[in-house]
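What you see is a predicted model; the values in this text were computed from it and never measured. These values consider heavy atoms only, across backbone and side chains, with no hydrogens, waters or symmetry-generated copies.
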Amino acid sequence: VPFSEFKWIDGSVSAAALMAALFTVGIRHLFEEGVPMFAVDAPRQGSGKTKIVRTISNIWFGHSMATTPYSTDHEEMKKHLAAMLMNGDRMILFDNVHPMVRVNDPTLNALLTNGRSTFRELGSQRMLELDSTATFFMTGNNLKIVGDMIRRTIRLQIDPGGLHPENRKFAIDPLETYVLEHRMEL
């Protein structure tokens with residue numbers, strides 16, 4: 001019910017991917033290996049990409065997920081990932097990835113494949129083996145997912161329904177608040 005008003009460019013493919021994302025978050029902790037990242041994509045701003053991911057987080061955890069920018073600097077990306085994994089975040093969102101960024105990070109690829117990666121502790125030479133029970137999400141307009149990341153990502157493609165999707169009216173609005181108030185029913 002919460003997602004019924006969203007339209008998808010590729011119809012039932014993205015609708016099925018949404019259901020996969022919803023269930024993956026709930027059972028992610030059962031898998032030692034990695035799970036795919038979910039990329040919520042749309043051709044323009046205001047389409048509801050972050051709203052969808054925030055709603056999934058609210059359903060499962062009753063609060064919004066950890067959010068960080070996607071960095072094209074590999075060392076910076078490793079620091080972000082290590083910090084979030086040490087924090088025990090169960091959902092991690094790379095929000096509003098710039099359309100010119102080519103998404104393909106080796107550490108993120110390793111986590112999506114293995115669910116575990118090695119990081120150097122900041123300020124020391126000590127190595128940390130960190131497991132991930134997180135499900136990764138990414139949002140952006142016209143995302144450019146390349147290289148090995150392509151086969152480790154499931155894409156959801158929102159149909160914004162016009163030139164000004166930010167002006168759409170939904171029967172359930174605000175969606176995130178509705179979900180928090182009705183979590184047990186959902």
Nearest-0.5 Å distance that lies between atom OG1 in T67 and atom CE in M65
4.0 Å
Between N96 and T50 the two heavy atoms that sit nearest each other are OD1-OG1, 4.5 Å
Given the rule that I, L, V, M, F, W and Y join up when any side-chain heavy atoms are under 4.5 Å apart, are M91 and L81 in one cluster?
no
Any side-chain heavy atom of P36 sitting closer than 4.5 Å to one from T153?
no
Using atom types as modelled, flag every donor-acceptor pair under 3.5 Å from a side chain in residues 10-25 to any protein atom, sequence neighbours excluded.
residue	atom	partner	partner atom	Å
D10	OD1	S14	N	3.3
D10	OD1	S14	OG	2.5
D10	OD2	S14	OG	3.2
S14	OG	Q157	N	2.8
T24	OG1	A20	O	2.6

Connected via hydrophobic side-chain network under 4.5 Å: V179 and L93:
yes
If you round to the nearest 0.5 Å, how far is OG1 of T139 from OH of Y70?
13.5 Å
Could you tell me whether the side chain of T72 reaches within less than 4.5 Å of the side chain of M77, counting heavy atoms only?
no
Look only at the side chain of D159 and the backbone of G161, and say whether a donor-acceptor pair between them is shorter than 3.5 Å.
yes
Return yes if some donor-acceptor pair links the side-chain N/O of K7 with the main-chain N/O of I158 below 3.5 Å, else return no.
no
Using a side-chain heavy atom cutoff under 4.5 Å and only I, L, V, M, F, W and Y, what cluster partners does M127 have?
none
Between I145 and A39, the two heavy atoms sitting closest are CD1-CB, 3.7 Å
Do you know the tightest heavy-atom contact between M149 and V103?
CB-O, 3.6 Å
For the residue pair M37 and L108, establish whether any side-chain heavy-atom pair is separated by less than 4.5 Å.
yes
Please lay out, stage by stage, how N109 and N104 fare under the test side-chain hydrogen bond (donor to acceptor under 3.5 Å, both in side chains).
CA-CA 7 Å; N109 275 330; N104 189 24; 2.8 Å; yes
Check which hydrophobic residues are tied to I27 through side-chain heavy-atom contacts below 4.5 Å, counting indirect links as well, and list them.
L30, F31, V35
Who passes side chain to side chain contact (heavy atoms under 4.5 Å, CB included) against T113, sequence neighbours left out?
R152
From CZ (R183) to OH (Y178), nearest 0.5 Å
14.0 Å
Should side-chain heavy atoms under 4.5 Å link Ile, Leu, Val, Met, Phe, Trp and Tyr, which residues sit in the same cluster as L180?
none
For residues P2 and L175, report the shortest heavy-atom separation together with the two atoms involved.
O-CD1, 3.3 Å
For H29, check side-chain hydrogen bond (donor to acceptor under 3.5 Å, both in side chains) against everything at least two apart and list the hits.
R90
Do the non-hydrogen side-chain atoms of M138 and L143 ever get within less than 4.5 Å of each other?
yes
To the nearest 0.5 Å, atom OG of S132 lies from atom CG of L111 at 5.5 Å
Under a single-linkage definition using a 4.5 Å side-chain heavy-atom cutoff for Ile, Leu, Val, Met, Phe, Trp and Tyr, are M84 and V53 assigned to the same hydrophobic cluster?
no
Residues S64 and N58: closest non-hydrogen pair is N-OD1, 3.5 Å
Non-neighbouring partners of K79 that pass side chain to side chain contact (heavy atoms under 4.5 Å, CB included), sequence neighbours left out
E76, L122
If you look only at pairs with a residue in residues 100-141, which of them pass as a ring pair (Phe, Tyr, Trp, His ring centres under 6.0 Å), with sequence neighbours excluded?
F38-F137
Honestly curious: do F94 and V40 fall in one hydrophobic cluster under the side-chain, below-4.5 Å linking rule?
no
If you compare all heavy atoms of A82 against all heavy atoms of L130, which two are closest, and at what distance to 0.1 Å?
O-CD1, 3.8 Å
Under the salt bridge (Lys or Arg N to Asp or Glu O under 4.0 Å) definition, can you give me all pairs with a residue in residues 92-117, not counting sequence neighbours?
R116-E129, R116-D131
Who passes side chain to side chain contact (heavy atoms under 4.5 Å, CB included) against P106, sequence neighbours left out?
H74
Compare all side-chain heavy atoms of I9 with those of P43 and state whether any distance is below 4.5 angstrom.
yes
When rounded to the nearest 0.5 Å, the distance separating CD1 of I92 from OG1 of T135 is 9.0 Å
Are I150 and V97 co-members of a hydrophobic cluster defined by side-chain heavy atoms under 4.5 Å apart?
yes
Can you pull out every salt bridge (Lys or Arg N to Asp or Glu O under 4.0 Å) where at least one residue sits in residues 32-50? Sequence neighbours excluded, please.
D41-R155
Is the shortest side-chain heavy-atom distance between D173 and K51 below 4.5 Å?
yes
Taking only residues two or more places apart in sequence or in another chain, which ones pass side chain to side chain contact (heavy atoms under 4.5 Å, CB included) with P69?
H80
